[in-house]
Each structure stands twice: as structure tokens, then as C-alpha cells.
A.B. asks: 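Quick one: structure below, then a few questions.
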Amino acid sequence: NSDYFKMEIASMALPMLPLSISMDLSRFYNSISWAWLIFLNNDVFYLMKVIRYGARLEIFKITSNVVTIIDRFVQQAERIPTKPFLIYEGITYTYQDINERSNKLANVFLEQGTLKKGDSVALLMNNEPDFICVWFGLIKLGCSVAFLNTNIKSRSLLHCFNCCGAKTLVVGADLLDSLEDILPSFLEDSISVWVMKNESSHTEVQTLLDKMDQASDKPTPPALRAATSLKAATLYIFTSGTTGLPKAAVITHLQSLKAAAGFWAYGGSEDDVIYIPLPLYHSAASLIGVGGTIEMGATCVLKKKFSASQFWNDCIKYDVTIFQYIGELCRYLCNQPKAEGEKKHKVHMGVGNGLRQDVWREFHRRFGEIRMCELYGSTEGNLCFMNHIGKIGAVGRSNFFYKLLFKYDLVRYDMVRDEPVKNRQGYCQHVNKGETGLLLSKIGASSPFFGYAGSKQLTEKKLMRNVFVKGDAYFNTGDLMAEDAEDFICFKDRVGDTFRWKGENVATTEVTEVLGMVDFIQEANVYGVEIPGNEGRAGMAAIIVRPECEFSGKKLFDHVLNDLPAYARPLFIRLQESMEMTGTFKQQKFNLVESGFNPSTSCNPLYFLDYSEKSYVPLTNTLYGSIVAGERKL
């Protein structure tokens, strides 16, 4: 009975509606009547889960009684104490094991009297079980924890402490030596340093393992970790930008709880085994990976560092059913030599973001019809899309009800001026269905923006005010997106990654996908470089040639001629043996842009798109000189 089913949806949805949305039952029912046309199959079940989980969060907000991620973990440890929670390098740790060890860590600091509820503590560790034990133990004391990127050094590290106000650092045993030059600065700033070792040659550094061995594993008072507001900060996670100093995104209980529901919303269960090869200092691994494991009462396999060659062996060995990915990780798997039995696994789902269409199809061809669940969202953002349908190329799907709760818009963007297009009244303009626009997310009760710690200026910089009416405020994602007639949302490019050449906009993502179709290209990174005397930036691509192949300027020329418009064809090619990446598998472009295309300053072979030769030809100093002098037609 469709009327009965629609009333069921309405009765489930009403508790989730924010107080700011005033809607009587008849109006809501009429809306459901129209929306019913698109609430089919997967959409319906996905929507039900979103409503159910949202209602739970709404109850937390109304009652001021928040069941946090650590509360949920303690509940699971009491419910399923002997179930494996974490597998690391072949060793299994149960829910009880991790719970008791985190209690020991908490009791060390409780007995020392060095930390109190509300303090901020920095954590600098590689992937290992004690990362989670330290994280949980500090949360049990009521502290907020700042996850430090293990790749940042000296000045950036001090900057991170200033951002989050931490006066205590817990560092992994294998990372202590990397701090030797900066330890005096920590002492000057009265920052106490604790290392996960039994003893240390640094007299100013205190040890933790020896004290944990002697500490009690009894629970700390629940009142220490109790949270009364979803908006209270629990973590600081530093965004991995390609330039500039890291920014400390404030992660509240609301954000961590939403992220933890990801696997469950996609259909995950307590029977799943989740493979986490991403760094725990990144929100995908910690909030979605570990948090999602806890929410379902499942098991996770933690990898110290991602290894493409060991990936499928691990999945088979540990009966992995879900894996996490980000950025170029899936491409690395596709680039591995084919192996016997690479489809003999139990993996049925991959969850992550940044999966390009060409890699998506190749991944399915190589490793089976694994359901790839793309999602979209930034660490600090107030909006999330989830592609629960599995349509290749989409990062998510919206629907009528989602748009009621979360106000987002795609607005016209001027690539030349690098700013949104405004009308005569000074307000932004909506794009039409199917058109590319800048994604903005309205800030409100159901989608707050918590910004960055220690910098109101950086927080304000991410906001756009007076977008459609005076006084409104939106979070600027900086991403160019398009929404099709079926409400599928596709990522097009980052604003900064799109450049203009010959009066046209060039989207690096699209050019990269086209280059990826060439049989000898293993990986490509597309960007724009300035040429004296020319407006805009000319296309350039750094590529890695497959080990068993050779670069062919003629074949590449024919490919770009057939598949790319003239303005989008890379004028220059740089051959590289490896690609510089961020710690979260995102391609670095900044250094490549700065390097330009001068063969005399490059240690890599460079090539130029030569129409007269109908090939990419070696870029010599003479040819470079003629290009810079304006003697060569581009």
C-alpha cells in the first residue's frame, strides 16, 4: 500500500526535521506524494537510514545527552568484549583489549595530574594500535585530540600547536628522532612531550609504556568524557593542502557521529571486516574507518602504510569485505602486474572519494564487480553527498527530502576573474540542470560550519555572505560540480585546478581522464603553466610511463587530437618516474607549476606538441627559446 508506506516515511522523518523547518503534516505529506516518484529501490532504503540516524542525533540535541563515539565504543566493549576489533600485522586485538589499554593510558595521565577535562593534546603517531589507544584514552579524560600529519616538520609543527592550543604532545617511538631539532622550541613554549617507549635518551621527554604497564585498566569516571552538546570539539584534524601552512579543522561530536554512520548507511553490518590502509591522522581513516567499525560493532584491519603489492593478499588473508580508498589508491592497484587469483576475495564494497571514471571501469574489469561507494565531503565542510546507487562518475545523489534538510546550491563561476558571477543586485546566479557551477552549502541549524581552530580569519575566508539575500551565509567548497536530470552529482574540478587557455576553461580532471586512456600512460597529472606574452596558462602534463612500455609522441599526439579540443590539449609533456603526492594520495601540482617548462632547469625529459611533425617532439633549448620569444605559433 503506497499511501501506508508514504505515511511510514513521514512518521520517521518528522523527528529528524530541525526546529527551524516549520511544516505541518499535510504539507509534508503532499511533498512526499510528489517525492514518491523518485523514492525507489535503493533510494527508499537509503533515505530510511538517513532519517533514522538523523532522528537519533536530533534526540541527542534536544535532550543534551550525547552518546559519543567513545561512549559507543565502551558500549560495544561491554556487549561484545571478545570480538576482534582490530587486526594489525597479524595480531588480533579484541574490543576489550583496546578498551582496557586505553583505560591504562587515561589512568597514567589521571595519576600524573597533568591533564584535565577540556585540555587539548597533540598526537603524532604512525598507524599502529596504540594510536587508537592513546586517542581513546585521552577522550576518556575529556580532552580534545589534535591529529598531527606525520609528514609535517619544524615550523609547520609549531604552527599546529599554536592553532589548537595544545600543551602536551604524545609521539610514537619511531617518530621521536624526527623532533630532535624542534624539542628545544617545545620546552621554551612549555609543551610537555611524552613518547610511547619504556625509556628515552632525551631527559626532557617523558616515557609512557613503562607507566602504562604499571597503571590500572579500570575505567575512568564516565563524567570526565561526558558530552552535553553535539557542537563540542572532540578532535582537530589538519587539512592537507598543497601549499601554505596546515589548517586545524574543528571536528565536533556531531561531525564524528555523522561520519561514523557511513558504512552502515551503505549497507555495512557487524559481520564486515574493514580494511584501512589510509593514515589515521586523516578523517577518512579515523572518523569513517575506525568510527564506522565501532558504530556497527565490526572488525577493522589496520595497515601501517598502504602497499599496492600486498593489498589483495591482505584482503584474502583477513577475509576483508569492505576497503577504504582515497585519491589515486585504486589506480595504484590497477597498475600492479596481473596476478593469479586477484578476483578470489570476499570484498564486496569500497568506500572513499576521488575515483576517476577510467580507473573505476578498469577496477571493475580487473577485480570484479565490487560496489564502489563514492562520497563527497571535506574534513571541515558542512555538507556530504553519498553515491549509494553506485553510478560510475557520480560522487553522490540528492533527492527532494535531502534538499529540504540541507540547502546547497550550484552558482555560476567566472574562471577569468576567479569569482562567482553576480547579477545587477550583486547576488549569485544559479546554474541550470547539467551545467557546471561552484558548490555552496548554506550554514544553518542542520548544517553548521565550525571552521578552523586558532584563526577567525581563515574561518571567515571559507564563507560567502549575502549570496542570494542580504544576511545569508554559505560555506564555499571551492569545488566545481554539476547535477544531472536524475539528481546525480558529479565532481568536475577544484576552482584552483581549472585554468584558462585560448579563451576557454580547461578542467584538469577531464584532461587527466583522457590521457589515462593511452595504453602506455600509467599516471598523469595535468596543470597549467604561464608562457610569456600569452594570456592564461597552457596545458602541461606530468606522466609516468608504464614499466613495460615506451613513450610514443606520435601515439599521444593522435590521441589528444582525436579526444580533446584544441584548447585542452597539453602543449607540454614531462616524463617522470614517480609522482609527488600528499599524505592522503592527492597529486601535488604546486611544485610542477613552479618548475615551468624550461628544459635547461628540468632534470626530466620534456616534450612539445608539434602540429607540423604531428607528434610530441623533444623540447630543446632552441625550441624553448623560440616559444618564449613568441616566434612559435601555439
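Basis for what follows: all heavy atoms, side chains included, without hydrogens, waters or symmetry-related copies.
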A.B. asks: Is D319 salt-bridged to K346, cutoff N-O under 4.0 Å?
C.D. replies: yes

A.B. asks: N525 pairs by side-chain hydrogen bond (donor to acceptor under 3.5 Å, both in side chains) with which of Q588, K589, Q576?
C.D. replies: K589

A.B. asks: Treating D97 as the side-chain partner and T94 as the backbone partner, does any N or O pair qualify as donor plus acceptor under 3.5 Å?
C.D. replies: yes

A.B. asks: Counting C-beta onward and ignoring hydrogens, is there a side-chain heavy-atom pair between Y266 and L375 closer than 4.5 Å?
C.D. replies: yes

A.B. asks: Determine whether the side chains of T509 and K492 contain a donor N or O and an acceptor N or O closer than 3.5 Å.
C.D. replies: no

A.B. asks: For the pair K303 and E128, find out whether any cationic side-chain nitrogen is under 4.0 Å from an anionic carboxylate oxygen.
C.D. replies: no

A.B. asks: First locate atom CG of D314, then atom CD1 of I316, and finally report the distance between them rounded to the nearest 0.5 Å.
C.D. replies: 9.5 Å

A.B. asks: Of all the heavy-atom pairs spanning L278 and N127, show the shortest one and how long it is.
C.D. replies: O-ND2, 2.8 Å

A.B. asks: Can you tell if the side chain of I322 reaches within under 4.5 Å of the side chain of F263, non-hydrogen atoms only?
C.D. replies: yes

A.B. asks: Considering only heavy atoms from C-beta outward, does the side chain of V170 approach that of V121 to under 4.5 Å?
C.D. replies: yes

A.B. asks: Quick one: are the ring centres of Y281 and F131 less than 6.0 Å apart?
C.D. replies: no

A.B. asks: As an exercise, state the distance from CG of D210 to CE of M196, rounded to the nearest 0.5 Å.
C.D. replies: 10.5 Å

A.B. asks: So, does N107 use its side chain to make a donor-acceptor pair with the main chain of N103 at under 3.5 Å?
C.D. replies: yes

A.B. asks: Scan L355, V359, V351, I392 and name whichever one has a side chain to side chain contact (heavy atoms under 4.5 Å, CB included) with M372.
C.D. replies: L355

A.B. asks: Do L254 and K231 have side-chain heavy atoms sitting under 4.5 Å apart?
C.D. replies: no

A.B. asks: Show the numbers, then the answer: is there a ring-ring contact (aromatic ring centres under 6.0 Å, His included) between F323 and Y275?
C.D. replies: CA-CA 5 Å; F323 77 94; Y275 190 75; 7.9 Å; no

A.B. asks: Could you tell me which non-hydrogen atom of L124 sits nearest to which non-hydrogen atom of L169, and how far apart they are?
C.D. replies: CB-CD1, 4.0 Å

A.B. asks: Donor-acceptor pair, E342 side chain versus A339 backbone, under 3.5 Å?
C.D. replies: yes

A.B. asks: What I want to check is whether the side chains of N382 and S441 have a donor and an acceptor closer together than 3.5 Å.
C.D. replies: yes

A.B. asks: Below 4.5 Å, heavy atoms only, C-beta onward: do I370 and F363 meet side chain to side chain?
C.D. replies: yes

A.B. asks: How close do G393 and C490 get, heavy atom to heavy atom, and via which atoms?
C.D. replies: O-SG, 3.6 Å

A.B. asks: Is the NZ or CZ atom of R397 both under 6.0 Å from the centre of the six-membered ring of F488 and within 45° of that ring's axis?
C.D. replies: yes

A.B. asks: Kindly say whether the aromatic ring centers of F73 and F136 come within a distance under 6.0 Å.
C.D. replies: yes

A.B. asks: What I'd like to find out is whether the side chain of K258 reaches to under 4.5 Å of the side chain of L57, using heavy atoms alone.
C.D. replies: yes

A.B. asks: So, are R331 and D358 salt-bridged, with charged N and O less than 4.0 Å apart?
C.D. replies: yes

A.B. asks: For residues V195 and L208, determine if any side-chain heavy atom of one lies less than 4.5 Å from a side-chain heavy atom of the other.
C.D. replies: no

A.B. asks: Measure across F520 and C549 and return the closest heavy-atom pair with its distance rounded to 0.1 Å.
C.D. replies: CB-CB, 3.6 Å

A.B. asks: Considering all heavy atoms of both residues, which atom of Y318 and which atom of V273 are nearest to each other, and what is their separation?
C.D. replies: O-CG1, 3.7 Å

A.B. asks: Run the side-chain contact (heavy atoms from CB on, under 4.5 Å) test on N65 and I59 for me, step by step, so that the C-alpha distance in whole Å, both residues' side-chain angles and the decisive distance to 0.1 Å come before the verdict.
C.D. replies: CA-CA 8 Å; N65 182 23; I59 292 171; over 6 Å; no

A.B. asks: From T92 OG1 over to L86 CG, what is the distance, rounded to the nearest 0.5 angstrom?
C.D. replies: 8.5 Å

A.B. asks: With distance as the sole test, does S144 use its side chain to make a donor-acceptor pair with the main-chain N or O of L235 at under 3.5 Å?
C.D. replies: no

A.B. asks: Are the side chain of N387 and the backbone N or O of C373 linked by a donor-acceptor pair below 3.5 Å?
C.D. replies: no

A.B. asks: Given the rule in the side-chain contact (heavy atoms from CB on, under 4.5 Å) test, do I87 and L302 qualify, once you have shown the distances and angles that lead to the verdict?
C.D. replies: CA-CA 6 Å; I87 300 173; L302 181 66; over 6 Å; no

A.B. asks: Given the rule in the side chain to side chain donor-acceptor pair (under 3.5 Å) test, do E483 and Y408 qualify, once you have shown the distances and angles that lead to the verdict?
C.D. replies: CA-CA 12 Å; E483 186 172 347; Y408 69 89; 3.2 Å; yes

A.B. asks: What's the spacing between C330 SG and N335 CG if we round to 0.5 Å?
C.D. replies: 11.0 Å

A.B. asks: Take T252 and L230 through the side-chain contact (heavy atoms from CB on, under 4.5 Å) test and state the conclusion after the steps.
C.D. replies: CA-CA 7 Å; T252 64; L230 283 170; over 6 Å; no

A.B. asks: Would the distance check show the side chain of H345 and the main-chain N or O of F367 forming a donor-acceptor pair, the cut-off being under 3.5 Å?
C.D. replies: yes

A.B. asks: The test is side chain to side chain donor-acceptor pair (under 3.5 Å); show your working for E374 and Y325 and say whether it passes.
C.D. replies: CA-CA 9 Å; E374 274 277 297; Y325 66 88; 2.7 Å; yes

A.B. asks: Counting N and O atoms only, with roles assigned by atom type, does the side chain of D130 sit under 3.5 Å from a partner on the main chain of C133, one being a donor and the other an acceptor?
C.D. replies: no

A.B. asks: Roughly how far apart are M212 CE and N198 CG, rounded to 0.5 Å?
C.D. replies: 10.5 Å

A.B. asks: Using a cut-off of 6.0 Å, state whether more than 12 heavy atoms not belonging to E577 lie near its atom CD.
C.D. replies: no

A.B. asks: Roughly how far apart are I489 CD1 and K391 NZ, rounded to 0.5 Å?
C.D. replies: 11.5 Å

A.B. asks: Do any N or O atoms from the side chain of D272 and from the backbone of T321 form a donor-acceptor pair under 3.5 angstrom?
C.D. replies: no

A.B. asks: Can you find a pair of side-chain heavy atoms, one from C384 and one from Y376, that are under 4.5 Å apart?
C.D. replies: no

A.B. asks: Assess whether atom NZ of K83 is packed by more than 12 heavy atoms of other residues, nucleotides or ligands within 6.0 Å.
C.D. replies: yes

A.B. asks: Would the distance check show the side chain of H388 and the main-chain N or O of A265 forming a donor-acceptor pair, the cut-off being under 3.5 Å?
C.D. replies: no

A.B. asks: Quick one: do D217 and R101 satisfy salt bridge (Lys or Arg N to Asp or Glu O under 4.0 Å)? Show the steps, please.
C.D. replies: CA-CA 6 Å; D217 61 7; R101 187 160 177 79; over 6 Å; no

A.B. asks: Quick one: does any side-chain atom of Q76 pair with a main-chain N or O of I294 as donor and acceptor, under 3.5 Å?
C.D. replies: yes

A.B. asks: Taking 4.0 angstrom as the limit, do K140 and D71 come out as a salt bridge?
C.D. replies: no

A.B. asks: Measure up the W135 and F147 rings against each other and bin them: parallel (under 30°), tilted (30 to 60°), perpendicular (over 60°).
C.D. replies: perpendicular

A.B. asks: Does this structure show an ion pair linking R56 with E295, if we count only N-O contacts that are shorter than 4.0 Å?
C.D. replies: yes

A.B. asks: Using side-chain contact (heavy atoms from CB on, under 4.5 Å), reason through L179 and L157 one step at a time and then give a plain yes or no.
C.D. replies: CA-CA 10 Å; L179 299 178; L157 203 57; 3.3 Å; yes

A.B. asks: On a heavy-atom basis, which atom in A146 and which in F238 lie closest, and how many Å separate them?
C.D. replies: CB-CE1, 4.1 Å

